[in-house]
Participant: 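One structure follows; several queries about it will come next.
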Amino acid sequence: MPDEKPTLGHEHLPAKLGTEFITAFYRLLKGTTLYDRGSVVIDRLTRECLQVVNGIIQWEGNLILRVVRGHFFFNQTRIIASPDKYLIFKALWQEMKKRRIGGMEFSEAVSGEHLKDLAFLLSGLEENNESNYLSVKEQLKNRNIESIEVGKLEFSKDEDLSVDSEGQKKYSKEVYFRSMGLVKEVVENIDQQKPLPIRKAKRLIQNAVNAVAQDDSTLLGLANIKNYGEYAFNHSVNVAIYAIALGQRIGIPKKHLSHLGMASLFHDLGKTKIPEQILNQTGKLSPEEASIMRSHPVVGAELIMRMKEWGELSARMMEGAFEHHLRYDLTGYPRLTQKKKMTLFGRIVTIADCYDAWVRPRVPPRFPYVSEKILGFMLERSGKDFDPAVVKVFINMIGVFPVGTLALLNTNEMGIITQIHEDPELADRPKLCLIYYRDGEYRKGKGVDLREMDEVSGAFKRTIVKTLDPNEYGINVAEFFI
Ligand SMILES: [Fe+2]
Ligand SMILES: [Fe+2]
């Protein structure tokens with residue numbers, strides 16, 4: 001970075017530099033929780049971060065990073081994460097929030113040792129202590145480090161600063177299963193022509209949007225495992241989760257995210273009017289049956305249109321129902337007499353719907369449960385079935401090894417992926433829960449982090465060799481995840 005002169009337009013420069021700093025600093029900070037100060041990994045991360053910091057100072061004169069209500073400001077300009085850096089931004093914000101640190105400032109070029117000092121000072125702070133910034137200031141002063149300053153986290157009263165990952169996980173699970181119940185209730189009420197639980201639905205989707213904003217890995221994990229309850233309800237909720245998480249990454253505002261949630265949750269509503277015998281058929285459909293099946297987007301849109309109770313929401317919800325089989329190049333169904341572009345909601349729901357349907361197809365021949373194959377297939381269909389820009393973000397979001405994937409390691413151990421790191425560079429080094437076979441069944445082993453290295457050899461302790469289909473081994477992934 002420092003040797004190359006930034007060539008981007010003036011307005012993009014703060015975003016580019018700020019993102020480079022956030023990424024490099026987050027990597028260093030995260031490194032301090034895993035490695036000793038003397039380790040080669042810390043040396044490398046410090047060097048990389050130092051190059052970014054001093055490059056920025058050379059170019060801009062100083063470096064100020066502040067965070068206000070979850071938004072980063074770099075040298076006074078608000079910067080927004082690009083989809084591939086989204087998790088890193090979020091993770092650094094969480095780390096700062098936890099320690100009540102609101103920002104840092106470098107007023108001149110620093111040395112590697114000073115940068116290391118800062119990272120280790122920050123990582124050693126206790127959680128939720130309001131005076132943390134004072135103790136960092138004091139420590140910096142004691143070490144004669146004058147070019148680095150840290151600031152206190154300023155927040156408004158209504159802001160919830162508590163970070164409780166176990167609590168969030170529980171909340172996410174609750175939202176997931178309550179959403180399944182809601183879809184079921186709506187479908188039953190339509191059947192029995194009873195009023196729809198609109199308020200409840202809106203509230204629940206709002207909760208889902210919040211849950212995704214706080215912790216999308218649990219919800220994406222639940223969606224990926226998809227092994228519980230009735231397919232139709234399960235599918236609807238999964239599509240909603242993928243859509244909300246995807247929408248969040250492409251920067252759709254919160255209010256619209258809940259509309260997107262509704263549009264995706266009820267995208268297949270038209271299927272309630274398709275005869276069971278056609279819906280459940282696993283063999284090939286006759287041309288008549290296929291055309292009935294293909295009517296479900298139109299039927300769904302009509303059903304939603306008639307639901308006066310949804311108010312302004314119904315127009316947005318119709319986009320999901322009507323367009324989800326249309327395809328980006330409009331070669332799908334329903335056939336349009338007039339060429340029009342798909343709406344953003346339609347393009348998002350299509351991607352979420354296809355992925356969920358392909359990961360657990362109901363009809364043979366099945367794809368193996370290997371999302372890399374499906375993602376590869378989706379990439380091939382980019383520009384045809386899918387909006388190229390949106391599908392790229394989606395593939396990035398799911399990653400090669402999504403949560404819930406069963407993997408074989410080079411140590412001959414098997415494990416289920418439980419957490420993916422925020423850093424895209426570590427996409428192939430997730431956290432796993434090992435499983436082992438004893439007394440006729442698979443059991444839960446210890447949790448491992450594939451970033452772990454052998455301190456002596458400097459080689460990774462474990463590496464994924466390939467992913468496996470849990471059905472082949474009779475493993476119920478959900479048991480190990482939930
Ligand atoms: Fe559908
Ligand atoms: Fe669907």
Side-chain angles (χ1 to χ4, degrees), residues 176 179-180 182-184 186-187 190 201 205 208 219-220 222-247 260-282 284-285 289-305 316-336 342-363 366-367 371 374 377-378 381 384-387 390-391 394 398:
Y176 187 93
S179 303
M180 285 220 319
L182 171 77
V183 182
K184 197 169 174 184
V186 167
V187 168
I190 289 178
I205 281 292
L219 282 166
L220 287 174
L222 288 167
N224 264 329
I225 296 166
K226 55 187 100 277
N227 215 2
Y228 13 71
E230 288 170 63
Y231 176 84
F233 307 134
N234 192 206
H235 170 67
S236 302
V237 176
N238 293 344
V239 172
I241 287 165
Y242 291 131
I244 296 170
L246 181 56
L260 175 62
M262 293 290 252
S264 37
L265 199 55
F266 296 110
H267 74 279
D268 267 338
L269 205 59
K271 283 197 180 165
T272 54
K273 300 288 175 203
I274 307 287
E276 293 262 327
Q277 159 261 329
I278 297 180
L279 272 184
N280 297 333
Q281 194 163 317
T282 49
K284 209 172 160 25
L285 295 175
E289 287 169 333
S291 96
I292 294 174
M293 188 65 173
R294 280 164 175 250
S295 70
H296 81 267
V298 176
V299 173
E302 281 170 0
L303 269 173
I304 291 167
M305 204 164 62
R316 307 310 308 271
M317 288 174 62
M318 271 164 59
E319 292 172 1
F322 186 76
E323 294 182 11
H324 75 277
H325 290 287
L326 203 50
R327 295 187 181 172
Y328 185 64
D329 61 6
L330 306 177
T331 55
Y333 59 90
R335 303 298 305 175
L336 300 181
M342 277 179 84
T343 61
L344 178 60
F345 276 19
R347 284 175 274 150
I348 292 176
V349 177
T350 301
I351 292 171
D353 181 42
C354 282
Y355 180 74
D356 190 67
W358 285 336
V359 173
R360 193 182 72 163
R362 306 165 63 217
V363 192
R366 324 180 16 190
F367 280 90
S371 72
I374 296 163
F377 185 64
M378 290 181 83
R381 305 293 308 164
K384 300 179 191 108
D385 295 2
F386 311 118
D387 178 332
V390 184
V391 85
F394 183 79
I398 299 292

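Ligands are counted one by one from 1 in listed order, and the atoms in each one are counted from 1 as well. Reckoned from all heavy atoms, side chains included, excluding hydrogens, waters and symmetry mates.
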Participant: How long is the gap from CG on Leu222 to OH on Tyr176, to the nearest 0.5 Å?
Facilitator: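 Reported value, rounded in 0.5 Å steps: 6.0 Å.
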Participant: List the residues meeting ring pair (Phe, Tyr, Trp, His ring centres under 6.0 Å) with Tyr333, not counting sequence neighbours, and say none if there are none.
Facilitator: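 Per chain and number, Tyr333 pairs via ring pair (Phe, Tyr, Trp, His ring centres under 6.0 Å) with His325.
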Participant: State the atom name: nearest N, O or S atom of His235 to the Fe ion (ligand 2).
Facilitator: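 Looking only at N, O and S atoms of His235, the one nearest the Fe ion (ligand 2) is named NE2.
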Participant: List-wise, which protein N, O or S atoms are found short of 2.8 Å from the Fe ion (ligand 1)?
Facilitator: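 Atoms qualifying: Asp268 OD1, His296 NE2, His324 NE2, His325 NE2.
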Participant: For the residue pair Ile374 and Ile398, establish whether any side-chain heavy-atom pair is separated by less than 4.5 Å.
Facilitator: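 When only atoms from C-beta onward are counted, Ile398 and Ile374 do not touch, as no gap falls below 4.5 Å.
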Participant: Under the rule for salt bridge (Lys or Arg N to Asp or Glu O under 4.0 Å), what residues qualify as partners of Lys384, not counting sequence neighbours?
Facilitator: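 Scan of Lys384 (salt bridge (Lys or Arg N to Asp or Glu O under 4.0 Å), adjacent residues dropped) gives none.
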Participant: What residues form a side-chain hydrogen bond (donor to acceptor under 3.5 Å, both in side chains) with Arg347, not counting sequence neighbours?
Facilitator: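 For Arg347 the side-chain hydrogen bond (donor to acceptor under 3.5 Å, both in side chains) partners, ignoring immediate neighbours, are Asp387.
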Participant: Kindly compute the distance separating CG (Asp385) from CG (Asp329), expressed to the nearest 0.5 Å.
Facilitator: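 Answer rounded to 0.5 Å: 6.5 Å.
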